[in-house]
Amino acid sequence: MLSLTWDAEHGRRQAHRARLADTGTREAVLHLLMDGQIAVARRLARTLRRELPDTVRLYAVEGPAAARREAADRATAAHAWAGREPGAARRTLILEPADGSRPSAAWLHHPAVADTCHVGISDAVPLRDTATAHRQALHALAAARRHPERRAAHTPPRDLATALGPDGAHWAATALAPLHTHRPARPQDPDGPPCSPPPPPGCTTPPTPRTASASTATP
């Protein structure tokens with residue numbers, strides 16, 4: 001009986017050590033990608049018999065440790081790479097293959113994550129642009145903290161008219177109407193010749209020389 005108990009405990013400790021090693025390797029791969037060391041990250045990923053995808057999406061998850069661990073476990077089971085955010089104790093980063101234009105992570109809807117965590121989601125980017133995805137996810141996370149659904153996706157820049165919407169466009173047209181209808185009191189010709197600068201103080205303009213008429217003396 002004691003032998004069986006010892007074997008079970010030994011197996012549990014080995015599994016725990018293997019889990020820690022796997023988690024540490026995945027985190028190292030993620031940090032290498034954010035540092036732009038793509039080739040090194042690919043080689044390290046192959047030690048886990050995994051290949052990194054060509055297109056990825058990054059999630060910044062902020063919340064309780066248990067909820068973030070649940071998100072990371074479910075994500076890594078679906079071929080994601082998860083790790084802690086350097087310098088942020090309450091934040092976990094999850095890098096997933098981007099299969100489409102919209103996020104499709106099932107773990108986002110798990111109650112432990114949806115009810116307690118804020119999540120910022122990046123655009124789908126090439127693997128070499130993981131650092132860009134990281135910045136996008138952090139910007140989206142700042143918006144997620146104010147969003148009732150507790151998550152937000154990065155929004156690419158749009159033109160001003162689209163961002164303002166119909167009400168904003170009407171307000172802008174009204175505010176700018178005096179500028180569009182203004183007519184200056186003295187028309188100006190932008191294509192005319194430049195004006196000559198005035199002479200410096202104390203200087204006078206020399207008179208224009210005139211041609212003297214020739215006269216013949218009378219003998």
Side-chain angles (χ1 to χ4, degrees), residues 19-158:
R19 175 187 173 87
L20 289 178
D22 181 87
T23 301
T25 303
R26 290 175 183 272
E27 187 173 294
V29 168
L30 185 56
H31 292 172
L32 286 169
L33 290 173
M34 289 193 298
D35 288 340
Q37 302 184 51
I38 309 302
V40 179
R42 286 190 182 276
R43 289 197 296 270
L44 185 57
R46 293 190 185 106
T47 64
L48 298 177
R49 299 179 181 178
R50 295 279 303 279
E51 289 291 338
L52 291 171
D54 294 327
T55 307
V56 295
R57 179 177 279 108
L58 193 140
Y59 301 79
V61 184
E62 187 177 74
R68 288 184 287 113
R69 191 179 307 113
E70 183 71 28
D73 289 345
R74 290 178 175 272
T76 52
H79 309 294
W81 301 83
R84 293 167 295 181
E85 166 81 27
R90 288 174 48 84
R91 193 179 304 153
T92 297
L93 303 177
I94 298 176
L95 189 75
E96 289 191 346
D99 298 327
S101 58
R102 297 179 61 84
S104 58
W107 55 266
L108 280 172
H109 308 288
H110 190 276
V113 180
D115 296 341
T116 63
C117 291
H118 295 103
V119 183
I121 309 169
S122 78
D123 292 335
V125 301
L127 184 67
R128 65 178 179 273
D129 293 333
T130 301
T132 299
H134 180 218
R135 290 191 295 270
Q136 291 178 353
L138 294 184
H139 291 160
L141 178 61
R145 296 190 186 108
R146 304 185 299 270
H147 201 283
E149 293 186 3
R150 306 178 69 90
R151 63 176 181 264
H154 177 260
T155 303
R158 300 177 296 172

Residues 126-139 vs side chain to side chain donor-acceptor pair (under 3.5 Å), sequence neighbours excluded, gives Glu85-His134, Thr132-Arg135

Between Val29 and Leu95, is the side-chain contact (heavy atoms from CB on, under 4.5 Å) condition met? List the steps.
CA-CA 10 Å; Val29 168; Leu95 189 75; over 6 Å; no

Notebook entry, point to check: Using 4.0 Å as the upper bound for N to carboxylate O, is an ion pair formed by Arg90 and Glu62?
Noted result: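 So Glu62 does not pair with Arg90 through a salt bridge.
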
Report task. Using a strict 4.0 Å threshold on nitrogen-to-oxygen distance, state whether Asp73 and Arg26 make a salt bridge. Result ->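 Salt bridge: no.
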
How far apart are the closest heavy atoms of [X] and [Y], and which atoms are they?
| X | Y | value |
| --- | --- | --- |
| Ile94 | Ala75 | CG2-CB, 3.6 Å |
| Ala80 | Glu96 | CB-CG, 3.4 Å |
| Trp107 | Val61 | CH2-CG2, 3.8 Å |
| Ala60 | Arg91 | CB-CD, 4.4 Å |
| Leu141 | Val119 | CD1-N, 4.0 Å |
| Thr116 | Pro64 | O-CD, 3.4 Å |

Do Arg151 and His118 touch side chain to side chain, with heavy atoms closer than 4.5 Å?
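A side-chain contact is absent here, since even the closest heavy-atom pair is not under 4.5 Å.
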
### Query
Side chains of Ile121 and Leu108: does their closest heavy-atom pair fall under 4.5 Å?
yes

**Study point:** Verdict with supporting geometry, Leu127 and Asp54, side-chain contact (heavy atoms from CB on, under 4.5 Å)
**Key:** CA-CA 5 Å; Leu127 184 67; Asp54 294 327; 5.7 Å; no

Between atom [atom1] of [X] and atom [atom2] of [Y], what is the distance when rounded to the nearest 0.5 Å?
| X | Y | atom1 | atom2 | answer |
| --- | --- | --- | --- | --- |
| Leu58 | Leu30 | CG | CG | 6.5 Å |
| Glu27 | Thr92 | CD | OG1 | 8.5 Å |
| His154 | Leu138 | NE2 | CG | 11.0 Å |

- Would you check, one step at a time, whether the test side-chain contact (heavy atoms from CB on, under 4.5 Å) holds for Val113 with Arg74? CA-CA 11 Å; Val113 180; Arg74 290 178 175 272; over 6 Å; no

Kindly indicate, with the supporting measurements, whether the criterion side-chain contact (heavy atoms from CB on, under 4.5 Å) is fulfilled by Leu33 and Val56. CA-CA 11 Å; Leu33 290 173; Val56 295; over 6 Å; no

- prompt: Should the heavy atoms of other residues, nucleotides or ligands under 6.0 Å from CZ of Arg84 be counted, would the total exceed 12?
  reply: no

Would the distance check show the side chain of Arg50 and the main-chain N or O of Ala45 forming a donor-acceptor pair, the cut-off being under 3.5 Å? no

